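The block underneath contains the structure these notes are about, expressed in structure tokens.
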Amino acid sequence: MPIVESNKVTESNAATKTTPSAAVLVLEDGRMFRGRSYGAQGTALGEAVFATGMTGYQETITDPSYARQLVVQTAPHIGNTGVNSEDAESRRIWVAGYIVRDAARRPSNWRSERSLDEELVEQGIVGIQGVDTRAITRHLREHKTMRAGIFSGEAAWATDKELLDAVLASAPMEGAALAEEVSIDEAYVVEPKDHGWEGEPRFSIAAVDLGIKAMTPVRFAERGVRVHVLPATSTLEDVNAVKPDGFFMSNGPGDPATADHQVSLLRSVLDEKLPYFGICFGNQILGRALGFGTYKLRYGHRGINQPVMDRRTGKVEITSQNHGFAVDAPLNGSTVAPEERYGRVEVSHVSLNDDVVEGLACLDIPAFSVQYHPEAAAGPHDAAYLFDRFIDLMADTKAAAPAKNNDSKTEDKK
């Protein structure tokens, strides 16, 4: 039986599913794991990755950075608190497929509005349950993340060769340009007054949505910052039109090597000396804008328990992360950026697991970034200070502006 190479399921399959059917997870190296269907039935193709969070599964599946990925939850029991309308990090579920060991038979939580299984069915997300997620995780750690497929219902009736052929015919993550696919179409504004801030906004920023999580602009708004969220295709004219005090680029999916438009935009912003803060994909784009390269990690960092060292303070933060690519920059000391007009840069944060670059700090221009998620939804709040650090950077830049203008006027009189 031929395999439909799509993550879509028919409306009838999603609507009429009542009991689990046989399902199989197929990895591109031929390894197979058999279990039962979870969520919608059909075919899901993507990159198999594992996430180590013990909680926050609703935030995980609605994180746009997981677009075109089949997520393996290493926590064995998933779905026990159900889902609700408040905890989603974006407008829909973005995971291409979902892989769990023990799916909850029924949710039990006062905030639950429906079961996770029902939500997956409603949004047409194909999943598999009853598989050994520890074995899958160890396999991916030893052999790297790889293309995979989940097949359930009629799709699982195909031969092993047909299933593997479908996986091998799917697109790899390298070279994937996905930010524009998950970004918004129209700009919107997040106001401080709607998130507990009293009085006038302290600052205004332009935030480019490359797959932004909903809690990120909220963290800014809570601190008195008005956030103009702009589409991934925005230009320098679009940025300047909102008259921002700072510029932000969000997390997002795909290969940073494809983000030429965003790199060009950021260079234009850096040339204007507008303060910059980037998270995750925004860190990789800063790296590229400075002239560094990026590369694909063997199995990435995904979860809410990733240890990172802040080299400025010497403190260790437990962080929320979701990335499969990293910046290739010198780890020790400051260095002049390959794009020399931006001056000196240093690696400000580093992973304590594998020495991957977790942050960049420019020393001669107002710009910095981190590879992880300080908004921490879900996750620890160790890195929340980074929002305050950006506010301080905007304040310092604004305070220095009159002095520069006065110096310029003095020179003119001479």
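Just so it is clear, the structure is predicted and the values come from calculations on it, not from any experiment. Side chains are part of it too, since the values below use all heavy atoms of this structure and drop only hydrogens, waters and symmetry mates.
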Heavy-atom donor-acceptor pair, [X] side chain to [Y] backbone, under 3.5 Å:
{"X": "Arg298", "Y": "Glu142", "answer": "yes"}
{"X": "Tyr57", "Y": "Ala75", "answer": "no"}
{"X": "Ser183", "Y": "Asp209", "answer": "yes"}
{"X": "Gln41", "Y": "Val126", "answer": "no"}
{"X": "Gln58", "Y": "Asn84", "answer": "yes"}
{"X": "Glu272", "Y": "Val269", "answer": "no"}

_Carboxylate-amine/guanidinium contact Asp388 Arg219, below 4.0 Å_ = no

*asked:* Please determine whether a side-chain nitrogen of the Lys or Arg among Lys315 and Asp382 lies less than 4.0 Å from a carboxylate oxygen of the Asp or Glu.
replied: no

*Side chains of Ser351 and Asp354: donor-acceptor distance under 3.5 Å anywhere?*
yes

Is the number of heavy atoms from other residues, nucleotides or ligands under 6.0 Å of [X] [atom1] greater than 12?
{"X": "Met32", "atom1": "CE", "answer": "yes"}
{"X": "Arg92", "atom1": "CZ", "answer": "yes"}
{"X": "Arg114", "atom1": "CZ", "answer": "yes"}

*Could you please spell out the steps behind the side chain to side chain contact (heavy atoms under 4.5 Å, CB included) verdict for Leu265 and Thr235?*
CA-CA 6 Å; Leu265 171 59; Thr235 64; 5.6 Å; no

Qualifying salt bridge (charged side-chain N to carboxylate O under 4.0 Å, His left out) pairs, either residue in [range], two or more places apart:
{"range": "residues 72-82", "value": "none"}
{"range": "residues 167-195", "value": "Glu191-Arg226"}
{"range": "residues 366-380", "value": "Lys213-Glu375"}

*Report the C-alpha separation of Arg134 and Thr74 in whole Å, then their side-chain angles, then the decisive distance to 0.1 Å, and conclude whether the side chain to side chain contact (heavy atoms under 4.5 Å, CB included) test is met.*
CA-CA 7 Å; Arg134 294 172 301 176; Thr74 61; over 6 Å; no

Let me check something: any side-chain donor-acceptor pairs from residues 196-207 under 3.5 Å, sequence neighbours excluded? List them with distances.
| unit_1 | atom_1 | unit_2 | atom_2 | d |
| --- | --- | --- | --- | --- |
| Trp197 | NE1 | Glu200 | O | 3.1 |
| Arg202 | NH1 | Arg223 | O | 3.1 |
| Ser204 | OG | His228 | NE2 | 3.3 |

_Pair listing, side-chain hydrogen bond (donor to acceptor under 3.5 Å, both in side chains) test, anchored in residues 339-348, at least two apart_ = Asp271-Arg341, Asp271-Tyr342, Glu339-Arg341, Arg344-Asp364

Can you name the salt bridge (Lys or Arg N to Asp or Glu O under 4.0 Å) partners of [X], sequence neighbours left out?
{"X": "Asp160", "answer": "Arg34"}
{"X": "Glu47", "answer": "Lys296"}
{"X": "Asp396", "answer": "none"}

*When you look at Ser112 and Thr81, which way does the side chain to side chain contact (heavy atoms under 4.5 Å, CB included) test go after all the steps?*
CA-CA 6 Å; Ser112 176; Thr81 58; 6.0 Å; no

*Sorted by first residue and then second, give each ring-ring contact (aromatic ring centres under 6.0 Å, His included) pair with at least one member in residues 311-338; sequence neighbours left out.*
His301-His323

*Give every residue pair that meets the ring-ring contact (aromatic ring centres under 6.0 Å, His included) criterion with at least one member in residues 84-139, sequence neighbours excluded.*
His139-His143

*Mind checking what makes side chain to side chain contact (heavy atoms under 4.5 Å, CB included) contact with Lys161, not counting sequence neighbours?*
Thr159, Asp165

*Are the ring centres of Phe220 and Phe387 closer than 6.0 Å?*
yes

*Is the ring centre of Phe277 less than 6.0 Å from the ring centre of Phe368?*
yes

*If you take all heavy atoms of Phe281 and Pro253, which pair is closest and at what distance?*
CE1-O, 3.7 Å

*Give the minimum heavy-atom separation between Pro380 and Ile304, together with the two atoms involved.*
CD-O, 3.3 Å

_From CA spacing to verdict: salt bridge (charged side-chain N to carboxylate O under 4.0 Å, His left out), Arg105, Asp117_ = CA-CA 9 Å; Arg105 288 176 293 176; Asp117 188 27; over 6 Å; no

*Partners of Phe292 by ring pair (Phe, Tyr, Trp, His ring centres under 6.0 Å), sequence neighbours excluded?*
none

